[in-house]
Amino acid sequence: MATTASPDRNDLTKRVLPQMTLSRGPNPLTAPLPKDDSPPSERARQRFAVEGNAIVTGAGGIGLSVIRALLEHGASGIAIFDVPVSYASSMPAIETLKTDFPNAKIKTYEVDVRNETIVDAAVDRVSEDFGTIDMLLCFAGVVGCAHAHELKVDDWKRVMDVNVTGSWLCAQAVGKKMIAQKSGGSILFTASISGHRVNFPQPQVAYNTSKAAVFQLTRSLAAEWATYGIRVNSVSPGYMDTILNEGDGLAASRAIWADRNPMGRMGDVEELSGAVILLCSKRAGRYINGADIVVDGGGIVF
Ligand SMILES: NC(=O)c1ccc[n+]([C@@H]2O[C@H](COP(=O)([O-])OP(=O)(O)OC[C@H]3O[C@@H](n4cnc5c(N)ncnc54)[C@H](O)[C@@H]3O)[C@@H](O)[C@H]2O)c1
Ligand SMILES: OC[C@@H](O)C(O)[C@H](O)CO
């Protein structure tokens with residue numbers, strides 16, 4: 001039997017919470033594209049240029065590679081958030097970046113992304129040190145392998161806290177700054193093919209679940225913050241050749257992953273940077289919001 005919806009149900013103003021109404025204020029994403037008469041090569045360069053300062057969390061294999069790409073494409077400042085133990089190994093690479101890009105401002109901050117107080121204080125410090133925050137790229141992440149029926153709740157929480165809560169805390173702290181700055185911005189999360197499908201042979205229920213959550217975090221913030229000129233997207237790498245895929249018994253799986261990939265190999269971290277630059281670029285990425293780009297060599301062949 002057909003039911004008639006109550007009149008109130010069709011009245012959006014009564015159904016939608018006040019804070020979800022899209023108040024259209026000044027928004028760099030709604031302004032018309034500026035006319036550009038520069039020569040073709042310059043137009044091509046500008047199309048994939050990134051502008052301003054970026055906070056990058058997780059200066060591991062992928063994070064360090066992307067920082068270099070951001071600097072090559074025009075970023076003027078990079079604030080790196082990581083935990084002290086990782087700085088010990090990534091510091092030589094960070095020093096090389098400072099030498100290779102002498103005009104860029106590159107600073108490191110000891111930040112455990114799971115801690116709200118530390119994240120908020122660090123984002124405040126970046127604001128003071130750099131002026132504006134134009135981009136946030138979240139690469140801080142951990143993996144954990146255990147059979148689901150044996151997984152301890154602390155191990156579940158460790159993965160969720162870094163991959164989901166850590167990404168959220170950084171995005172909220174930076175989002176507040178971007179909204180106040182009124183100049184828009186770009187936020188990029190790192191999901192994974194593990195959020196799209198269940199990988200083989202490693203059992204990693206917490207990791208897979210955490211990365212699927214990152215998609216909805218991406219889409220939720222993309223929907224809420226476009227009105228402030230903030231775009232929010234994610235990348236989903238396949239198996240990249242980093243230290244993340246060495247521990248927790250994962251090294252033994254590398255040959256299986258490569259064998260099942262159409263390209264017969266794992267990815268090089270540098271092969272991810274094109275997608276990241278596209279999503280963060282002000283021109284080429286301007287209408288890309290709430291998207292996830294999979295970079296996995298064609299997926300796993302079963
Ligand atoms: N390598 C891959 O195959 C692959 C595939 C898909 C997704 N990813 C994701 O990409 C991201 C980067 O991975 P990677 O391969 O470069 O790994 P990585 O281990 O080389 O780097 C991860 C970085 O995150 C940092 N980190 C961990 N916990 C942190 C915390 N609490 N606070 C601050 N920083 C913290 C680590 O210190 C490290 O520098 C992760 O989110 C990972 O899940 C990786
Ligand atoms: O799915 C690829 C990655 O997210 C990750 O490196 C892997 O799943 C770790 O087991």
Side-chain angles (χ1 to χ4, degrees), residues 55-68 79-91 93-94 108-116 118-119 122 137-146 157-170 188-215 217-218 234-254 256-258 260-261 265-273 275-276 292-297 299-300:
I55 292 180
V56 178
T57 78
I62 293 176
L64 282 170
S65 167
V66 167
I67 290 171
R68 177 168 287 279
I80 304 171
F81 287 6
D82 211 321
V83 288
V85 63
S86 287
Y87 278 135
S89 53
S90 56
M91 217 32 113
I94 293 171
T108 54
Y109 300 78
E110 283 182 15
V111 180
D112 185 329
V113 296
R114 295 171 295 184
N115 186 313
E116 183 180 10
I118 290 175
V119 168
L137 298 94
C138 296
F139 298 108
V142 291
V143 72
C145 294
K157 282 184 180 163
R158 183 181 68 90
V159 172
M160 289 295 171
D161 285 354
V162 179
N163 297 2
V164 185
T165 310
S167 300
W168 153 246
L169 288 175
C170 291
L188 179 117
F189 293 119
T190 314
S192 168
I193 50 165
S194 304
H196 290 270
R197 58 174 177 257
V198 176
N199 287 325
F200 178 84
Q202 68 278 29
Q204 47 180 28
V205 60
Y207 185 80
N208 297 343
T209 307
S210 77
K211 292 301 185 177
V214 170
F215 296 140
L217 177 60
T218 302
S234 62
V235 281
S236 277
Y239 293 108
M240 313 305 281
D241 190 4
T242 73
I243 201 165
L244 185 99
N245 288 321
E246 297 284 352
D248 235 349
L250 287 170
S253 303
R254 291 165 67 102
I256 298 171
W257 301 334
R260 289 174 171 233
N261 186 283
R265 64 175 176 89
M266 294 172 68
D268 185 306
V269 284
E270 209 181 318
E271 292 170 316
L272 192 63
S273 54
V276 173
D292 178 70
I293 300 186
V294 174
V295 183
D296 70 347
I300 296 281

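These figures come from a predicted structure and were not determined experimentally. When a ligand or atom number is given, it counts from 1 through the structure's own listing order. Heads up: numbering here begins at 1 and tracks the sequence.
The contact shell of ligand 1, taken as protein residues with any non-hydrogen atom closer than 4.0 angstrom, comprises G58, A59, G60, G61, I62, D82, V83, S86, V111, D112, V113, R114, F139, A140, G141, V142, V162, T190, A191, S192, Y207, K211, P237, G238, Y239, M240, T242, I243, L244, N245.
Taking the six-membered ring where the residue is Trp, W257 and Y239 present parallel rings, their angle staying beneath 30° rather than reaching 60°.
Here S194 has heavy atoms under 4.0 Å from ligand 2 in both its backbone and its side chain.
Using a 4.0 Å cut-off to heavy atoms of N245, the atoms of ligand 2 that qualify are 5 (C), 6 (O), 7 (C), 9 (C). If you number the atoms of ligand 2 from 1 as listed, the ones under 4.0 Å from a heavy atom of V143 come out as 9 (C), 10 (O). Near L250, the atoms of ligand 2 lying under 4.0 angstrom from a non-hydrogen atom of the residue are 9 (C), 10 (O). Below 4.0 Å from some heavy atom of L244 lie the following atoms of ligand 2, by number and element: 6 (O). Of all the atoms in ligand 2, the ones that sit under 4.0 Å from a non-hydrogen atom of I193 are 1 (O), 2 (C). The contact set between ligand 2 and Q202, taken as ligand atoms under 4.0 Å from a residue heavy atom, comprises 7 (C), 8 (O), 10 (O).
Looking only at protein heavy atoms, the nearest one to atom 4 (O) of ligand 2 is S192 OG, 2.5 Å. At the top of the distance list for atom 8 (O) of ligand 2, counting protein heavy atoms only, stands Q204 NE2, 2.8 Å.
By the side-chain contact (heavy atoms from CB on, under 4.5 Å) test, S273 pairs with A69, E270, sequence neighbours left out.
With a 4.5 Å cut-off on side-chain heavy atoms, Y207 and C145 do not count as touching.
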